[in-house]
Amino acid sequence: MPELPDVEGFRRVAARAAGGRVRRVEVLDAGVLNGVTADRFRRGVRGRVLGTPRRHGKWLAVPLRTDGRRHRADEPVVAFHFGMTGGLQWCAGGEPRHRFDRVVLATDRGELRFRDMRKLQGIRLLSGDDELDALFAELGPDAAGVARPELGELLHGSRAAVKSRLMDQTVVAGLGNLTVDETLWRARVHPSARSDELSDAAVGGVHQAMRTVLRQSSRAGYVPGRPSWLTGHRDDTRAACPRCGTRLRRTRVAGRTSVWCPNCQQR
DNA sequence: TTGCATGTTCCGGA
DNA sequence: GTCCGGAACATGCA
(Lines give C-alpha, C1' and ligand atoms only; values in the text may rest on other atoms or scores of the structure.)
Protein backbone atom coordinates (compact mmCIF):
# COMPACT_ATOMS: atom_id res chain seq x y z
CA MET A 1 0.00 0.00 0.00
CA PRO A 2 2.49 2.57 0.99
CA GLU A 3 2.53 5.86 -0.83
CA LEU A 4 2.96 9.24 0.85
CA PRO A 5 -0.41 9.12 2.69
CA ASP A 6 0.25 5.66 4.07
CA VAL A 7 3.71 6.63 5.24
CA GLU A 8 2.21 9.71 6.83
CA GLY A 9 -0.01 7.32 8.77
CA PHE A 10 3.06 5.30 9.77
CA ARG A 11 4.69 8.52 10.95
CA ARG A 12 1.81 9.00 13.35
CA VAL A 13 2.24 5.40 14.51
CA ALA A 14 5.93 5.96 15.14
CA ALA A 15 5.12 9.19 16.97
CA ARG A 16 3.25 7.14 19.55
CA ALA A 17 6.45 5.25 20.25
CA ALA A 18 8.55 8.40 20.51
CA GLY A 19 10.14 8.90 23.90
CA GLY A 20 10.29 5.19 24.60
CA ARG A 21 13.62 3.53 25.27
CA VAL A 22 14.27 0.39 23.24
CA ARG A 23 14.82 -2.48 25.66
CA ARG A 24 14.85 -5.27 23.13
CA VAL A 25 15.37 -5.51 19.37
CA GLU A 26 13.96 -8.56 17.65
CA VAL A 27 15.12 -9.21 14.11
CA LEU A 28 12.72 -11.94 13.04
CA ASP A 29 13.83 -11.78 9.42
CA ALA A 30 17.15 -10.15 8.59
CA GLY A 31 16.06 -9.99 4.95
CA VAL A 32 14.42 -6.63 5.60
CA LEU A 33 17.64 -5.05 6.83
CA ASN A 34 19.33 -3.05 4.12
CA GLY A 35 23.08 -2.48 4.42
CA VAL A 36 23.33 -3.56 8.04
CA THR A 37 23.67 -6.95 9.72
CA ALA A 38 21.20 -8.07 12.35
CA ASP A 39 23.93 -7.89 14.96
CA ARG A 40 24.95 -4.38 14.12
CA PHE A 41 21.33 -3.26 13.93
CA ARG A 42 20.56 -4.68 17.36
CA ARG A 43 23.65 -3.12 18.89
CA GLY A 44 22.94 0.23 17.26
CA VAL A 45 19.34 0.49 18.42
CA ARG A 46 19.12 -1.28 21.75
CA GLY A 47 19.20 1.03 24.76
CA ARG A 48 18.42 4.15 22.76
CA VAL A 49 15.39 6.39 22.93
CA LEU A 50 13.14 6.76 19.87
CA GLY A 51 12.91 10.37 18.72
CA THR A 52 10.35 12.34 16.75
CA PRO A 53 9.76 10.62 13.39
CA ARG A 54 10.19 12.55 10.16
CA ARG A 55 8.82 11.70 6.73
CA HIS A 56 10.15 12.63 3.31
CA GLY A 57 8.35 11.13 0.36
CA LYS A 58 7.91 7.45 1.11
CA TRP A 59 10.77 7.35 3.63
CA LEU A 60 10.30 7.53 7.36
CA ALA A 61 13.22 8.45 9.61
CA VAL A 62 13.30 7.80 13.34
CA PRO A 63 16.20 9.57 15.03
CA LEU A 64 17.67 7.89 18.09
CA ARG A 65 19.26 9.35 21.19
CA THR A 66 21.12 7.87 24.09
CA ASP A 67 21.06 10.52 26.79
CA GLY A 68 19.75 14.03 26.88
CA ARG A 69 16.50 15.34 25.56
CA ARG A 70 17.30 15.70 21.91
CA HIS A 71 18.78 13.62 19.13
CA ARG A 72 22.26 14.84 18.22
CA ALA A 73 23.45 14.93 14.63
CA ASP A 74 26.05 12.25 15.30
CA GLU A 75 23.58 9.77 16.77
CA PRO A 76 22.07 7.02 14.60
CA VAL A 77 18.84 7.22 12.65
CA VAL A 78 16.60 4.34 11.61
CA ALA A 79 15.21 4.84 8.11
CA PHE A 80 12.18 2.84 7.01
CA HIS A 81 11.03 2.19 3.47
CA PHE A 82 7.87 0.18 3.12
CA GLY A 83 8.03 -1.02 -0.46
CA MET A 84 4.64 -2.19 -1.62
CA THR A 85 3.61 -4.27 1.34
CA GLY A 86 5.28 -2.79 4.41
CA GLY A 87 3.74 -1.15 7.41
CA LEU A 88 4.30 -0.06 10.99
CA GLN A 89 2.22 -1.01 13.99
CA TRP A 90 2.18 0.15 17.56
CA CYS A 91 1.23 -2.64 19.95
CA ALA A 92 0.86 -1.78 23.60
CA GLY A 93 -1.41 -4.61 24.67
CA GLY A 94 0.61 -7.70 23.90
CA GLU A 95 -1.21 -8.38 20.65
CA PRO A 96 -0.11 -11.62 18.97
CA ARG A 97 2.60 -11.42 16.36
CA HIS A 98 1.69 -11.33 12.73
CA ARG A 99 3.41 -13.78 10.40
CA PHE A 100 4.95 -10.94 8.41
CA ASP A 101 6.33 -9.04 11.39
CA ARG A 102 10.02 -8.74 10.53
CA VAL A 103 11.53 -6.42 13.11
CA VAL A 104 10.21 -5.47 16.54
CA LEU A 105 11.49 -2.60 18.67
CA ALA A 106 10.24 -3.27 22.19
CA THR A 107 10.08 -0.34 24.60
CA ASP A 108 8.80 -0.07 28.14
CA ARG A 109 5.43 1.13 26.88
CA GLY A 110 4.86 -1.14 23.92
CA GLU A 111 6.26 -2.46 20.68
CA LEU A 112 6.87 -0.83 17.34
CA ARG A 113 6.52 -3.57 14.74
CA PHE A 114 7.73 -3.41 11.15
CA ARG A 115 5.60 -5.69 9.05
CA ASP A 116 6.37 -6.52 5.43
CA MET A 117 5.37 -9.37 3.21
CA ARG A 118 7.63 -8.88 0.23
CA LYS A 119 10.77 -7.41 1.75
CA LEU A 120 11.70 -5.19 -1.16
CA GLN A 121 13.36 -2.25 0.56
CA GLY A 122 13.28 -2.44 4.30
CA ILE A 123 15.19 -0.83 7.10
CA ARG A 124 18.47 1.04 7.10
CA LEU A 125 20.55 2.13 10.05
CA LEU A 126 22.19 5.46 9.33
CA SER A 127 25.15 6.71 11.34
CA GLY A 128 23.74 10.21 11.76
CA ASP A 129 22.06 13.20 10.17
CA ASP A 130 24.68 13.50 7.44
CA GLU A 131 23.72 10.12 6.06
CA LEU A 132 20.04 10.94 6.40
CA ASP A 133 20.51 14.22 4.55
CA ALA A 134 22.38 12.35 1.82
CA LEU A 135 19.55 9.85 1.52
CA PHE A 136 16.90 12.56 1.29
CA ALA A 137 19.04 14.59 -1.10
CA GLU A 138 18.58 11.85 -3.69
CA LEU A 139 14.86 12.60 -3.66
CA GLY A 140 12.91 15.48 -5.10
CA PRO A 141 10.90 17.83 -2.88
CA ASP A 142 8.15 16.21 -0.84
CA ALA A 143 4.97 16.10 -2.91
CA ALA A 144 2.87 17.38 -0.02
CA GLY A 145 4.86 20.61 0.18
CA VAL A 146 6.02 21.38 -3.34
CA ALA A 147 5.01 24.82 -4.62
CA ARG A 148 3.31 25.26 -7.93
CA PRO A 149 6.14 27.10 -9.73
CA GLU A 150 8.62 24.44 -8.66
CA LEU A 151 6.30 21.67 -9.82
CA GLY A 152 6.01 23.44 -13.15
CA GLU A 153 9.78 23.52 -13.58
CA LEU A 154 10.06 19.87 -12.64
CA LEU A 155 7.35 18.79 -15.05
CA HIS A 156 8.62 20.93 -17.90
CA GLY A 157 12.10 19.51 -17.54
CA SER A 158 11.33 16.25 -19.28
CA ARG A 159 9.64 14.81 -22.34
CA ALA A 160 8.51 11.73 -20.46
CA ALA A 161 4.86 10.88 -19.90
CA VAL A 162 3.54 13.02 -17.05
CA LYS A 163 2.64 9.89 -15.12
CA SER A 164 6.17 8.52 -15.12
CA ARG A 165 7.54 11.97 -14.31
CA LEU A 166 5.29 12.26 -11.26
CA MET A 167 6.16 8.73 -10.16
CA ASP A 168 9.90 9.46 -10.35
CA GLN A 169 10.99 9.87 -6.73
CA THR A 170 14.04 11.90 -7.71
CA VAL A 171 11.69 14.48 -9.26
CA VAL A 172 8.91 14.65 -6.65
CA ALA A 173 8.95 12.40 -3.62
CA GLY A 174 5.96 10.51 -2.31
CA LEU A 175 3.57 9.90 -5.20
CA GLY A 176 2.77 6.35 -6.32
CA ASN A 177 0.50 4.62 -8.77
CA LEU A 178 -2.73 5.38 -6.92
CA THR A 179 -2.08 8.99 -6.00
CA VAL A 180 -0.84 9.80 -9.50
CA ASP A 181 -3.87 8.26 -11.21
CA GLU A 182 -6.18 10.03 -8.77
CA THR A 183 -4.37 13.34 -9.27
CA LEU A 184 -4.36 13.18 -13.06
CA TRP A 185 -8.00 12.15 -13.16
CA ARG A 186 -8.97 15.11 -10.99
CA ALA A 187 -6.88 17.45 -13.08
CA ARG A 188 -8.28 15.97 -16.31
CA VAL A 189 -4.81 15.28 -17.65
CA HIS A 190 -4.06 12.17 -19.71
CA PRO A 191 -1.44 9.99 -18.01
CA SER A 192 0.56 9.65 -21.24
CA ALA A 193 0.60 13.37 -21.95
CA ARG A 194 4.11 14.67 -22.43
CA SER A 195 5.30 16.35 -19.29
CA ASP A 196 7.04 19.23 -21.07
CA GLU A 197 3.95 20.01 -23.12
CA LEU A 198 1.60 20.66 -20.22
CA SER A 199 0.09 24.12 -20.29
CA ASP A 200 0.45 26.34 -17.26
CA ALA A 201 -3.23 25.78 -16.57
CA ALA A 202 -2.68 22.01 -16.64
CA VAL A 203 0.27 22.30 -14.28
CA GLY A 204 -1.88 24.37 -11.95
CA GLY A 205 -4.61 21.78 -12.11
CA VAL A 206 -2.19 18.97 -11.37
CA HIS A 207 -0.73 20.90 -8.47
CA GLN A 208 -4.07 21.66 -6.90
CA ALA A 209 -5.39 18.13 -7.44
CA MET A 210 -2.22 16.63 -5.99
CA ARG A 211 -2.44 18.78 -2.89
CA THR A 212 -6.09 17.91 -2.34
CA VAL A 213 -5.56 14.19 -2.90
CA LEU A 214 -2.57 14.10 -0.56
CA ARG A 215 -4.20 16.20 2.15
CA GLN A 216 -7.35 14.10 2.29
CA SER A 217 -5.52 10.79 1.95
CA SER A 218 -2.93 11.68 4.56
CA ARG A 219 -5.68 12.43 7.02
CA ALA A 220 -7.00 8.89 6.53
CA GLY A 221 -3.57 7.27 6.30
CA TYR A 222 -4.38 5.69 2.95
CA VAL A 223 -5.89 6.62 -0.40
CA PRO A 224 -9.61 6.33 0.29
CA GLY A 225 -11.83 4.41 -2.08
CA ARG A 226 -14.73 6.79 -1.81
CA PRO A 227 -17.40 6.59 -4.49
CA SER A 228 -16.51 10.07 -5.72
CA TRP A 229 -12.83 9.17 -6.10
CA LEU A 230 -11.24 7.25 -8.94
CA THR A 231 -9.35 4.99 -6.56
CA GLY A 232 -12.48 3.21 -5.36
CA HIS A 233 -13.12 1.94 -8.88
CA ARG A 234 -9.69 0.61 -9.85
CA ASP A 235 -10.45 -3.04 -9.37
CA ASP A 236 -13.75 -3.01 -11.21
CA THR A 237 -12.86 -3.59 -14.85
CA ARG A 238 -16.24 -2.25 -15.94
CA ALA A 239 -16.36 0.78 -13.68
CA ALA A 240 -17.69 4.08 -14.93
CA CYS A 241 -16.06 7.45 -14.36
CA PRO A 242 -17.56 8.89 -11.15
CA ARG A 243 -17.66 12.28 -12.83
CA CYS A 244 -19.08 11.67 -16.30
CA GLY A 245 -20.18 8.06 -16.40
CA THR A 246 -17.90 7.03 -19.27
CA ARG A 247 -16.42 3.54 -18.96
CA LEU A 248 -12.97 3.87 -17.41
CA ARG A 249 -9.96 2.55 -19.27
CA ARG A 250 -7.09 0.46 -17.94
CA THR A 251 -3.79 0.62 -19.78
CA ARG A 252 -0.15 0.33 -18.90
CA VAL A 253 1.63 3.65 -18.63
CA ALA A 254 5.16 3.90 -17.30
CA GLY A 255 5.07 0.16 -16.71
CA ARG A 256 2.14 0.25 -14.33
CA THR A 257 -1.56 -0.39 -14.60
CA SER A 258 -3.22 2.98 -15.04
CA VAL A 259 -6.87 3.80 -14.74
CA TRP A 260 -8.21 6.88 -16.49
CA CYS A 261 -11.28 8.33 -18.15
CA PRO A 262 -11.09 8.60 -21.96
CA ASN A 263 -13.67 11.39 -21.90
CA CYS A 264 -12.31 13.57 -19.07
CA GLN A 265 -8.65 12.96 -19.78
CA GLN A 266 -8.06 13.55 -23.46
CA ARG A 267 -4.61 14.00 -24.86
C1' DT B 1 -1.90 -22.48 -12.58
C1' DT B 2 -1.42 -17.83 -14.10
C1' DG B 3 -1.27 -13.22 -13.73
C1' DC B 4 -1.09 -9.37 -10.91
C1' DA B 5 0.27 -6.33 -6.98
C1' DT B 6 -0.16 0.99 -4.12
C1' DG B 7 7.56 -0.50 -4.21
C1' DT B 8 12.61 0.50 -6.65
C1' DT B 9 16.48 -0.69 -9.73
C1' DC B 10 18.65 -1.89 -13.84
C1' DC B 11 19.26 -2.62 -18.84
C1' DG B 12 18.92 -1.67 -23.59
C1' DG B 13 17.20 0.92 -27.41
C1' DA B 14 16.18 5.50 -29.32
C1' DG C 1 26.36 10.46 -23.58
C1' DT C 2 21.45 11.11 -22.05
C1' DC C 3 16.81 9.89 -21.58
C1' DC C 4 12.92 6.95 -21.29
C1' DG C 5 10.09 2.64 -21.16
C1' DG C 6 9.92 -1.88 -19.93
C1' DA C 7 11.63 -5.91 -17.57
C1' DA C 8 13.27 -7.76 -13.38
C1' DC C 9 13.14 -8.25 -8.54
C1' DA C 10 10.61 -11.52 -4.16
C1' DT C 11 6.50 -13.20 -2.39
C1' DG C 12 1.68 -14.03 -1.64
C1' DC C 13 -2.98 -13.94 -3.27
C1' DA C 14 -7.28 -13.93 -6.28
Side-chain angles (χ1 to χ4, degrees), chain A residues 1-11 28-35 55-60 79-88 98-103 114-124 135-140 142-144 154-186 190-198 210 213-214 216-226 229-239 248 250-260:
Chain A
M1 354 158 205
E3 300 184 25
L4 186 153
D6 309 85
V7 181
E8 186 58 24
F10 302 149
R11 188 191 60 76
L28 303 167
D29 188 331
V32 299
L33 297 180
N34 186 337
R55 184 193 58 73
H56 187 93
K58 298 169 186 171
W59 283 92
L60 183 69
F80 295 91
H81 194 290
F82 301 93
M84 279 205 283
T85 55
L88 218 46
H98 187 277
R99 62 190 280 226
F100 297 138
D101 284 342
R102 309 297 191 187
V103 170
F114 178 79
R115 179 176 299 179
D116 194 10
M117 182 179 83
R118 279 166 68 189
K119 304 186 279 182
L120 284 178
Q121 279 275 325
I123 303 174
R124 297 172 64 162
L135 177 67
F136 284 1
E138 294 169 13
L139 305 170
D142 188 79
L154 292 166
L155 289 175
H156 286 152
S158 158
R159 294 177 301 181
V162 61
K163 169 151 184 176
S164 72
R165 190 74 175 153
L166 287 170
M167 298 254 297
D168 185 340
Q169 302 298 299
T170 68
V171 175
V172 199
L175 299 175
N177 202 26
L178 294 191
T179 42
V180 167
D181 277 5
E182 190 70 49
T183 293
L184 293 176
W185 173 75
R186 270 187 187 244
H190 193 289
S192 298
R194 265 178 58 165
S195 194
D196 61 341
E197 290 178 350
L198 293 178
M210 183 178 81
V213 167
L214 292 178
Q216 298 193 23
S217 303
S218 292
R219 198 175 301 153
Y222 56 92
V223 188
R226 295 181 198 146
W229 285 44
L230 178 73
T231 302
H233 309 281
R234 296 187 69 88
D235 298 334
D236 177 2
T237 53
R238 295 209 278 220
L248 293 172
R250 303 163 62 86
T251 58
R252 284 188 90 75
V253 179
R256 311 211 72 91
T257 299
S258 305
V259 181
W260 50 283

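Labels below follow one simple rule: chain letters A, B, ... track the order of the sequence lines, proteins then strands, and each chain is numbered from 1. All figures in this text were calculated on a predicted structure; none of them were measured in a lab.
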Residues passing the side chain to side chain donor-acceptor pair (under 3.5 Å) test with A:S195, sequence neighbours excluded, are none
Residue set satisfying ring-ring contact (aromatic ring centres under 6.0 Å, His included) with A:W185, at least two apart, ordered chain then number -> none
side-chain N/O A:T257 vs B:dA5 OP1/OP2, d < 4.0 Å: yes
For A:F114, the ring-ring contact (aromatic ring centres under 6.0 Å, His included) test, sequence neighbours excluded, returns A:F80, A:F82
N/O contacts under 3.5 Å, protein versus nucleotides 12-14 of chain B?
none

Closest to the side chain of A:H81, out of B:dG7, B:dA5, B:dT6, is B:dG7
Those stems involving DNA chain B that have three or more consecutive Watson-Crick or G-U pairs, both distances under 3.5 Å, are B:2-5 with C:11-14, B:7-14 with C:2-9
Residues passing the side-chain contact (heavy atoms from CB on, under 4.5 Å) test with A:Q169, sequence neighbours excluded, are A:K58, A:L139, A:A173
For A:R238, the side-chain contact (heavy atoms from CB on, under 4.5 Å) test, sequence neighbours excluded, returns A:D236, A:R247
Contacts of A:R226 meeting side-chain contact (heavy atoms from CB on, under 4.5 Å) (sequence neighbours excluded), chain-then-number -> A:Q216, A:P224, A:S228, A:W229
DNA chain C nearest-nucleotide lookup for A:A254 and A:F100: closer to the 5′ end is A:A254
Residues A:H233 and A:L248: closest non-hydrogen pair is CB-CD1, 4.1 Å
* Using the C1' atom as the reference point in each nucleotide, state the distance between B:dT6 and C:dC4 in Å, no decimals. => 22 Å
Measuring to OP1 and OP2 of B:dC4, would you say a side-chain N or O of A:R234 lies under 4.0 angstrom away? no
Residues passing the side-chain contact (heavy atoms from CB on, under 4.5 Å) test with A:D168, sequence neighbours excluded, are A:T170, A:V171
Quick note, A:K58 side chain, CB onward, closest among B:dA5, B:dT8, B:dT6 is B:dT8
### Query
Is the shortest distance from a Lys or Arg side-chain nitrogen in A:D196 or A:R165 to a carboxylate oxygen in the other one below 4.0 Å?
no
**Message:** I want to check one thing: is the phosphate of C:dC4, taken as OP1 and OP2, less than 4.0 Å away from some side-chain N or O of A:S158?
**Reply:** yes
Contacts of A:R234 meeting side chain to side chain donor-acceptor pair (under 3.5 Å) (sequence neighbours excluded), chain-then-number -> A:D181
Sorted by chain and number, sequence neighbours left out, ring-ring contact (aromatic ring centres under 6.0 Å, His included) with A:H98 holds for A:F100
Judged by nearest nucleotide, the residue sitting upstream toward the 5' end of DNA chain C, A:R256 or A:G157, is A:G157
Within residues 159-168 of chain A, those residues having any heavy atom closer than 4.0 Å to DNA chain B are none
| C:dA10 and B:dC11, which share atom name P, separated by this distance in whole Å | 14 Å
Out of C:dG12, B:dG7, B:dA5, minimum distance to the side chain of A:R250 belongs to B:dA5
